[in-house]
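Single-structure report; data block below.
When reading the values below, keep in mind they use all heavy atoms of this one structure, side chains included, and skip hydrogens, waters and symmetry mates. By convention here, the first residue in the shown sequence is residue 1. First listed ligand is number 1; within each ligand, the first listed atom is number 1.
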Amino acid sequence: MDRYDLLVIGAGPGGYVAAIRAAQLGMRVACVERWIGKDGKPALGGTCLNVGCIPSKALLESSEQYHRARHGLGAHGITVGEVSIDPAAMVARKDRIVAQFTGGIKGLFTKNGIAWLQGTARLLGDGQVQVTATDGAVQTVAAQHILIATGSRPTPLSVAPVDGEHIVDSAGALDFTAVPARLGIIGAGVIGLELGSVWSRLGSQVTLLEALPEFLPAADRAIAAIARKEFTAQGLDIRLGAKVTGAQVAAGQVAVDFEDAAGAQQAQFDRLIVAVGRQPVTDDLGLDAAGVSRDERGFIPVDGRFQTSAAGVYAIGDVVRGPMLAHRASEDGIAVAEGIAGQHCHVDYGTIPWIIYTWPEIAWVGRTEQALKAEGVPYVTGVFPFQANGRARAMEAAQAACPCRNRPRAGRTHHRPTRLGADCRGGGGDGVLRQCRGHRAHRACPPDPVGSAA
Ligand code: FAD
Ligand code: NAD
């Protein structure tokens, strides 16, 4: 039986980063990963690289280029002729980018001496894990430390089951090879807004059906209100307080029944995306056999060193409660590897930034004004209007603002204020947020994906 110092289950941005950091620290590492890519071949990189951050940002960029060519160049004095769109070519470009990234992780595994065990892992207890390969071959391996980084999957909605053609989840929505004339999206969260923006820019009439009466409740209220106004101006029809009660496919169309303040209604769409959140992948993992407990929603509780209820078994990323973000998973991955190696192990979740990659971008870090008020934390607010920022004006992104919330200071001091939270609505949100949180973080965590992370 092969033995490792660390066996990582899952090669998403949590697992592959942890595996590489552990190998750098001298451990003998293996990583079990079962993902099969669109080309039918095994792939590393998890949700983020295969069907998440990377492909969605590729499509956001393509659709933005198209939209700008059609609508955004006049202000610069540039006139273009007829502009057309080939969605299949756009999706093929996205697939090439995904392949480059997933291949890159394979190269990093080889370089760092990490064994990729292709297949599905199942904990057996006593430091042993069974790996069943796609071809059915079964092997058992042993490890001193086991790290669960099995990520998340889209939350299904019983009233709108995904059929992969007319009703799709976020992965399916990355592969439309024709622009749907009428696109419905259940859930006006991060995925709904990003993918809604992609297909709206390409010409779809997009309707978002959101169950909550509030728009983007995690964001600061002022920022959410401006963002909603702008999305509406861009043509996104956002219906709040909409309870979907059914979805039927007939004659190539999807009829969606929902109720909102105006009563029971039906809307017809050519395609429907279900984007109502994600749930942890912790079933069929043998957690009971290994003594690893789960909470009522399937997340794995961990302590400050990412240790689960079973000694020597750790968990990070989307399977642990907290923001379901790639850079958070990677921060967890570095911290857990360093902790196992006996080093300092800490992630400051107060400095994990959010960016919604719409145009303009919506970004925030730390606590919102509402959260500070609710917690009774004293704060002062400073607002920097982007009209005064030369770069933002040059980018035609000057309509936004960047409010920062700081701890009040007594008297004059040369120290920078302690920042409690900040938001940004405009171009280059990453750079602004980096300035806002950098001085507070043990190690500043860049949002994923951003150029400055290089
Ligand atoms: P995952 O990336 O989900 O990886 C888990 C891996 O474990 C998978 O490869 C899976 O195959 C494997 N696995 C599961 N069970 C087993 C098993 N039993 N045996 C073997 N392997 C197993 N986040 C951002 O920060 N920025 C973004 O811009 C962004 N965009 C997104 C866009 C979309 C459309 C989606 C869906 C998500 C996006 N996210 C984004 C979220 C981000 O993808 C996740 O937070 C991140 O991938 C979580 O990383 P992880 O390593 O915890 O899990
Ligand atoms: P989300 O939690 O952001 O949004 C889901 C939305 O669906 C919520 O507003 C929720 O109220 C709504 N909803 C839930 N049930 C509903 C129902 N029955 N009918 C109508 N609306 C309903 O989740 P998501 O958009 O699926 O994205 C999942 C996660 O992936 C995000 O929370 C985020 O962590 C990650 N992600 C991040 C990025 C980024 O960082 N740029 C991009 C995409 C995804």
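Considering CH2 of Trp35 and OG1 of Thr102, their distance stands at 11.0 Å, rounded to 0.5 Å. Distance check: Arg305 CZ to His344 NE2 gives 9.0 Å after rounding to the nearest 0.5 Å. With values rounded to the nearest 0.5 angstrom, Glu194 atom CD is found 10.0 Å from Ile355 atom CD1.
Remark: ligand 2 and Leu325 share no N or O pair separated by less than 3.5 Å (distance only, no angle test). Residue contacts with ligand 1: Glu33 is placed with a nitrogen or oxygen under 3.5 Å of a nitrogen or oxygen of the ligand (distance criterion only). Looking at ligand 1, you'll find an N or O of Leu325 within less than 3.5 Å of one of its N or O atoms. Residue-to-ligand polar distances place His327 within reach of ligand 1: an N/O pair is separated by less than 3.5 Å. In terms of N/O distances under 3.5 Å, ligand 1 is approached by Ala326. On a distance-only criterion, Glu210 and ligand 2 share at least one N/O pair closer than 3.5 Å. Remark: ligand 1 and Val51 share no N or O pair separated by less than 3.5 Å (distance only, no angle test). For Trp354, no nitrogen or oxygen atom sits less than 3.5 Å from a nitrogen or oxygen atom of ligand 2, counting backbone and side chain alike. In terms of N/O distances under 3.5 Å, ligand 1 is approached by Gly14.
Using a non-hydrogen distance threshold of 4.0 Å, Pro323 does not register as a contact of ligand 2. Residue contact annotation: Asp332 has no non-hydrogen atom under 4.0 Å from ligand 1.
At a heavy-atom distance under 4.0 Å, only backbone atoms of Leu209 (N, CA, C or O) approach ligand 2. Residue contacts with ligand 1 for Leu285 involve side-chain atoms from C-beta outward but no N, CA, C or O (heavy atoms, distance under 4.0 Å). Contact annotation: for Ala329 versus ligand 1, heavy atoms closer than 4.0 Å belong to the side chain alone. Residue-level proximity to ligand 2 for Lys243 is absent, since no heavy atom of it falls below 4.0 angstrom. When heavy-atom distances to ligand 1 are checked against a 4.0 Å cut-off, Leu174 has no atom that comes that close, whether in backbone or side chain. Residue contacts with ligand 1, taken as heavy atom pairs separated by less than 4.0 Å, do not involve Ile355 at all. With a 4.0 Å cut-off on non-hydrogen atoms, Ser56 touches ligand 1 through its side chain and not its backbone. Under 4.0 angstrom from ligand 2, the non-hydrogen atoms of Ile355 all belong to its backbone.
Under a cutoff of 6.0 Å and an axis angle of 45°, Arg68 and Trp359 form a cation-pi pair.
Residues Ala160 and Ile186 approach most closely at CB-CD1, 3.9 Å, considering heavy atoms. Across Tyr16 and Gly45, no two heavy atoms sit closer than the pair CD2-CA, 4.4 Å. The shortest heavy-atom contact between Ala149 and Ile316 is CB-CG1, 3.9 Å. What you find for Leu123 and Val292 is that their closest heavy atoms are CD1-CG2, 4.3 Å. Residue Arg93 comes nearest to Ser62 through the heavy atom pair NH1-OG, 3.2 Å, listed as atom of the first residue, atom of the second, then distance.
With hydrogens and angles left out, the side-chain atoms of Glu61 and Gln65 include a donor and acceptor closer than 3.5 Å.
Proximity annotation for atom 39 (N) of ligand 1: of Pro55, Ser170, Cys53, Cys53 comes nearest, heavy atoms only. In the candidate list Lys57, Arg122, Arg278, Glu194, Lys57 is nearest to atom 30 (N) of ligand 1, counting heavy atoms. Around atom 36 (N) of ligand 2, the closest heavy atom drawn from Thr245, Val190, Val244 belongs to Val190. The closest non-hydrogen atom to atom 26 (O) of ligand 2, taken over Gly277, Ser158, Gly189, comes from Gly277.
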- When you look at Glu259 and Thr245, which way does the side chain to side chain donor-acceptor pair (under 3.5 Å) test go after all the steps? CA-CA 7 Å; Glu259 291 166 16; Thr245 53; 4.9 Å; no

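Ranking the protein heavy atoms by distance from atom 5 (C) of ligand 2 puts Ala275 O, 3.5 Å first.
By the salt bridge (charged side-chain N to carboxylate O under 4.0 Å, His left out) test, Arg221 pairs with Glu214, sequence neighbours left out.
Arg21 has no carboxylate O lying under 4.0 Å from a charged side-chain N of Glu331, or vice versa, which leaves the two without a salt bridge. At a threshold of 4.0 Å, the pair Arg182-Asp270 counts as salt-bridged, since one of the basic side-chain nitrogens sits closer than that to a carboxylate oxygen.
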